[in-house]
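Letters go in sequence order (proteins before strands), and every chain restarts at 1.
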Amino acid sequence: MKKLHSWNLSYAQARQLQVRLAGRVQFTPLKSRPTVVAGLDCAFTKDGRRIFAGVVVLRLPDFEILETSGASRKVTFPYIPGLLSFREAPVCIAAVKKLRRWPEMFMVDGQGIAHPRRLGLAAHLGLFFAKPTIGCAKSRLTGAYEEPPLEKGSFTLLEDKRGVESNMQSETIGAVVRTRTNVKPVFVSVGNKCTLDDAIEITLACATRYRLPEPTRLAHQLVGKLKLSL
DNA sequence: GCGACAG
DNA sequence: ATCTTGTCGC
C-alpha cells in the first residue's frame with residue numbers, strides 16, 4: 001500500500017492532484033488471469049454522517065470467499081461529481097489494510113479512468129494499491145456510447161469526444177458491458193495496471209445471474225450488513 | 001447561461 | 001448514497 005498524498009485538500013487542489021496522478025496510471029496487460037480478486041464498495045448511514053467500506057476477497061473461477069474486512073469513519077468530504085475518491089477512498093484504504101492476504105486484483109464500484117480528469121475512484125485507489133484495478137460503475141459519469149446489444153457478454157465502447165467540428169476525434173475511456181441479458185449494462189474502465197480488454201474480460205468472468213459482477217455485488221452486500229451492525 | 005453529473 | 005416489500009415479467 002502506498003501513501004501518495006494527504007486527503008485534506010480544497011476542491012481546487014483535489015482537481016489539480018487528479019490531473020497529476022492520472023499520468024501515473026499504467027495500462028500494462030495482465031500477465032495471467034488473476035485468481036484472487038477483491039471487490040470494494042461503500043455505504044452510508046441514513047443521516048449521511050458516517051461512511052463504511054467493505055472488501056470481499058474471492059477466488060476465481062468458483063467465487064469462493066477467502067476473506068472479508070470492513071472499516072468506517074465520519075464523513076469529511078461532500079459528494080461532488082468528479083471528486084468521489086476524496087470522499088470514499090480513505091475508508092476503502094483502511095478496510096483493505098486490514099486484509100491478511102493481498103489480492104491479485106481489485107474491482108471497485110465506481111469509475112476507473114472514465115472520468116473528466118481520468119482519475120475516478122478506482123483509478124485513484126489503483127495507484128495506492130499499486131495492483132491491477134478495474135472500475136465497474138452502475139452509471140455513466142462522462143463519455144458517449146451506443147447502447148450495447150441485449151445479450152449478456154456484448155459491449156460497446158465509452159468514448160470521450162474532443163475537438164471542434166471538423167477536427168472531431170474520440171478517445172476510448174471505457175466500455176459499456178452487458179453482464180446479464182436484458183438488464184441495464186455496467187460501465188467498465190481501467191483502474192490501474194491492466195488494459196480495457198483485461199477489465200472487460202474479468203468483469204464478464206465474474207458475471208453470474210446478477211447485474212453486478214460477484215466481487216462488487218458481494219462487497220455491496222457485506223457493507224450493507226456492516227452498516228446495520230454498528 | 002443551461003444541462004450533466006460515479007456514489 | 002438513502003427512504004423501502006412485494007410483485008410482474010423475461
Exercise. Verify side-chain contact (heavy atoms from CB on, under 4.5 Å) between A/Val57 and A/Arg101, making sure each step is shown before the conclusion.
Key: CA-CA 9 Å; A/Val57 182; A/Arg101 183 170 181 178; 5.6 Å; no
How many whole angstroms separate atom [atom1] of [X] from atom [atom2] of [N]?
X: A/Leu226; N: C/dT2; atom1: CG; atom2: C1'; result: 17 Å
X: A/Ile51; N: C/dT2; atom1: CD1; atom2: C1'; result: 13 Å
X: A/Arg180; N: C/dG9; atom1: CZ; atom2: C1'; result: 11 Å

Quiz item: Can you check whether A/Lys46 has a side-chain N or O nearer than 4.0 Å to OP1 or OP2 of C/dT4?
Solution: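 Result: no.
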Quiz item: For A/Asn182, which residues count as a side chain to side chain donor-acceptor pair (under 3.5 Å) partner, sequence neighbours excluded?
Solution: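 With neighbours one apart ignored, the set is empty.
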Practice problem: Sugar-phosphate means primed atoms, P, OP1 and OP2; the rest is base. With that split, encode nucleotides 1-7 of chain B 5' to 3' as B, S or - using protein heavy atoms under 4.0 Å. | Solution: ---SBBB
Exercise. Determine whether the aromatic ring centres of A/Tyr145 and A/Phe155 lie less than 6.0 Å apart.
Key: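 A/Tyr145 vs A/Phe155: aromatic centres not under 6.0 Å.
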Quiz prompt | Secondary structure string for DNA chain B (Watson-Crick or G-U under 3.5 angstrom, | for other-strand pairs) | solution = .......
Is it true that the side chains of [X] and [Y] contain a donor and an acceptor less than 3.5 Å apart?
X: A/Thr45; Y: A/Arg50; value: no
X: A/Ser154; Y: A/Glu151; value: no
X: A/Ser6; Y: A/Asn8; value: no

Exercise. Report which part of the nucleic acid A/Ala114 touches: base, sugar-phosphate, or nothing (heavy-atom distance under 4.0 Å, all strands).
Key: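 A/Ala114: no heavy atom of the nucleic acid under 4.0 Å.
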Quiz item: Angle class for the A/His5/A/Trp7 ring planes (parallel below 30°, perpendicular above 60°, tilted otherwise)?
Solution: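 Aromatic pair A/His5/A/Trp7 classed perpendicular.
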Quiz item: Does atom NZ of A/Lys184 have more than 12 heavy-atom neighbours from other groups under 6.0 Å away?
Solution: yes
